Amino acid sequence: MMKLLFVVLVTLGLAASVSALQCSGRGVWYPDTQECTCFQCFGGDQCQIDQSASCVVGATGGNPLLYQEYWAKVGQSNASSALEVADDYRTGYQMPSVITPTQPASQDGPWQALRSEIFALHRAVGNVEPTNYTIVLGSGCTGLIASATYALSKLNKLGSPTPLKVFAKPPYYFGYNKFASTGINGVEFTTSTALDARSVIEFNTVPNNPTGVMRTPVYPDSTNPIYDMVYNWPALVNTTQNLRGSVMLFSLSKLSGHAGTRFGWALVRDPDVANEMAEFNDIVAKHVSIDAQNRALHLLRHINNNRDEFFSFVSTRMQKRWKQLTDWAATGDNASRFSIQSVPGTFYAWIECKFATAKATCFDFFLTNGIRTEPGASFGVPGGKFVRIELVQYDVDFDLLVKKLSAIH
């Protein structure tokens, strides 16, 4: 039987070795298209054209491409790391989006194995005690943000006489207000700290995006807190908290770097909330792709079996990058002009330009110097003084970012 060979980002590491030859060390060669995908500021069919002098380096997203090197090395050293999927693998609908604590072990599908690997990983790293939680699968954390907001606002278990409000303390991830702006079930987004706790769905990011701070809820009396814990892994935080929140969100993207797989999971205490989240998933997407579930299972097994090696790979590189960034911030008069207000080792740098104004913003300053950042206003912090810079891009892209930073006068 003919098989399709799906890979852990790069086929058995072949793409990594071929990339160095075919793509001039400035891109990744993918076997599906038989061509190079060039890094930023490089072009040509072999990425041989260097455009870095005039190029604007993008540092706006949270695309975890740093992890790709790890998976390439795994493929080069271990042929069994490849994920082979037969053409006839689970071709029908794979309906369950909910994996309950009491789900029969004999139920068809990969769900019991997924639950086992997810629970094993949480227990091993100590960020959650998952016993008796229901797992809700989603299309990354973005899908889970939507389904959790839908479920809690629909159920309104505290009996708020008015539609619930989605709350997040600035700076916050802009995905929270983005979905709330749809007005589903009458919700609105707010940053007010003077609300009736019964009417609040609070998103609490632990650690925070973009600052990396380990936050606690502003509305502790609300029974509707949602803990966004996608960055709560040993590679990105010094210590993990063994939380038992009512709804806790995770994604493969920020754990393993496989953002394109679009796989996430929520640990949900209340079965009613879990079922409503699953109902929302059924409305918008039917269920998470079985291919995404299968790939996630494969990756989770690898991480559980190679946990220390994997997290050490990522954290070592993040610490190195943070040292380069903090060295830049301490050079010359940079210390009097810039302030890095995020925890070292985390995904992003939250930078204040002390000289910036609403008309001459921090975003504009960096753009003039060849660096595209994410403006502070996107995270609920207006005034033009703050930007967020991602730190998880390819090595070549990060080196170019540092070069552009070092050229600022």
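Just so it is clear, the structure is predicted and the values come from calculations on it, not from any experiment.
Taking the six-membered ring where the residue is Trp, W328 and F338 present tilted rings, their angle falling between 30° and 60°. Using cut-offs of 30° and 60° for the angle between ring planes, the W71 and F310 rings count as tilted. Ring geometry, F280 versus F179: the interplanar angle exceeds 60°, so the pair is classed perpendicular (tilted spans 30 to 60°). Between F174 and F379, the ring planes are tilted. Angles from 30° to 60° get that label. Relative ring orientation between W265 and F263 is described as tilted, the plane-to-plane angle lying within the 30° to 60° band.
Smallest separation of non-hydrogen atoms from K254 and V230: CB-O, 3.1 Å.
Within the structure, every pair that satisfies the ring pair (Phe, Tyr, Trp, His ring centres under 6.0 Å) test and touches residues 204-224, not counting sequence neighbours, is listed here: F167-Y219.
Other residues, nucleotides and ligands contribute only 12 or fewer heavy atoms inside 6.0 Å of the CZ atom of R372. In the displayed structure, K323 atom NZ is contacted under 6.0 Å by at most 12 heavy atoms of other residues, nucleotides or ligands. Heavy-atom contacts from other residues, nucleotides or ligands closer than 6.0 Å to CD of E188 number 12 or fewer.
Of the possible polar contacts, one joining the D397 side chain to the Q40 backbone as a donor-acceptor pair under 3.5 Å is found. Between the side chain of S339 and the backbone N or O of A335, no donor-acceptor pair lies under 3.5 Å. K404 places a side-chain N or O within 3.5 Å of a backbone atom of S52 that can act as its donor or acceptor partner. Under the 3.5 Å distance criterion, the side-chain polar atoms of Q34 are matched with a main-chain donor or acceptor of P31. Formation of a donor-acceptor pair under 3.5 Å by the N208 side chain with backbone atoms of V213 is not found in this model.
Checked against a 6.0 Å centroid threshold, the rings of Y173 and Y176 count as neighbours. Ring to ring, H122 and Y133 are not that close: their centroids are 6.0 angstrom or more apart.
A salt bridge links E279 and K154; the closest N-O separation between the charged side-chain nitrogens and carboxylate oxygens is under 4.0 Å. Of the charged side-chain nitrogens involved, none lies within less than 4.0 Å of a carboxylate oxygen, so that E352 and K385 do not count as a salt-bridged pair. Ion pairing between a basic and an acidic side chain is recognised when a charged N comes within 4.0 Å of a carboxylate O; K320 and D395 show no such pairing.
Rounding to the nearest 0.5 Å places CD of E390 at 10.0 Å from CG of L66. The CD1 atom of I408 lies 7.5 Å from the CG atom of N334; values are rounded to the nearest 0.5 Å.
Put simply, the residue from N224, T193, L195 that forms a side-chain contact (heavy atoms from CB on, under 4.5 Å) with V200 is L195. Of the residues listed (S222, S153, P225), the one engaging I201 in a side-chain contact (heavy atoms from CB on, under 4.5 Å) is S153, and it is the only one. Each of T134, V136, D282 was checked for a side-chain contact (heavy atoms from CB on, under 4.5 Å) with M277, and the lone residue meeting it is V136. Checked options F365, W350, F363, F366; the residue passing with F386 is W350 (criterion: ring pair (Phe, Tyr, Trp, His ring centres under 6.0 Å)).
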Can C38 and C23 be said to form a disulfide bond (SG atoms under 2.5 Å apart), step by step? CA-CA 7 Å; C38 299; C23 307; over 6 Å; no
Run the side-chain hydrogen bond (donor to acceptor under 3.5 Å, both in side chains) test on D228 and T205 for me, step by step, so that the C-alpha distance in whole Å, both residues' side-chain angles and the decisive distance to 0.1 Å come before the verdict. CA-CA 5 Å; D228 183 344; T205 317; 4.5 Å; no
Could you go through the ring-ring contact (aromatic ring centres under 6.0 Å, His included) check for Y172 and F189 one step at a time? CA-CA 12 Å; Y172 53 74; F189 184 79; 5.0 Å; yes
Could you give me the CA-CA distance, side-chain angles and deciding distance for S246 and R269, then say whether side-chain hydrogen bond (donor to acceptor under 3.5 Å, both in side chains) is met? CA-CA 5 Å; S246 54; R269 182 184 296 157; 5.5 Å; no
S342 vs R388, side-chain hydrogen bond (donor to acceptor under 3.5 Å, both in side chains): CA-CA, chis, key distance, verdict: CA-CA 10 Å; S342 44; R388 189 192 75 173; over 6 Å; no
Quick one, K169 with T191, criterion side chain to side chain contact (heavy atoms under 4.5 Å, CB included). Give me CA distance, side-chain angles, the key distance, then yes/no. CA-CA 6 Å; K169 178 182 176 181; T191 58; over 6 Å; no
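With F355 as the aromatic partner, R337 meets the cation-pi criteria of under 6.0 angstrom to the ring centre and within 45 degrees of the ring axis.
Judged purely by distance below 3.5 Å, without hydrogens or angles, the side chains of R262 and S251 never pair a donor atom with an acceptor atom.
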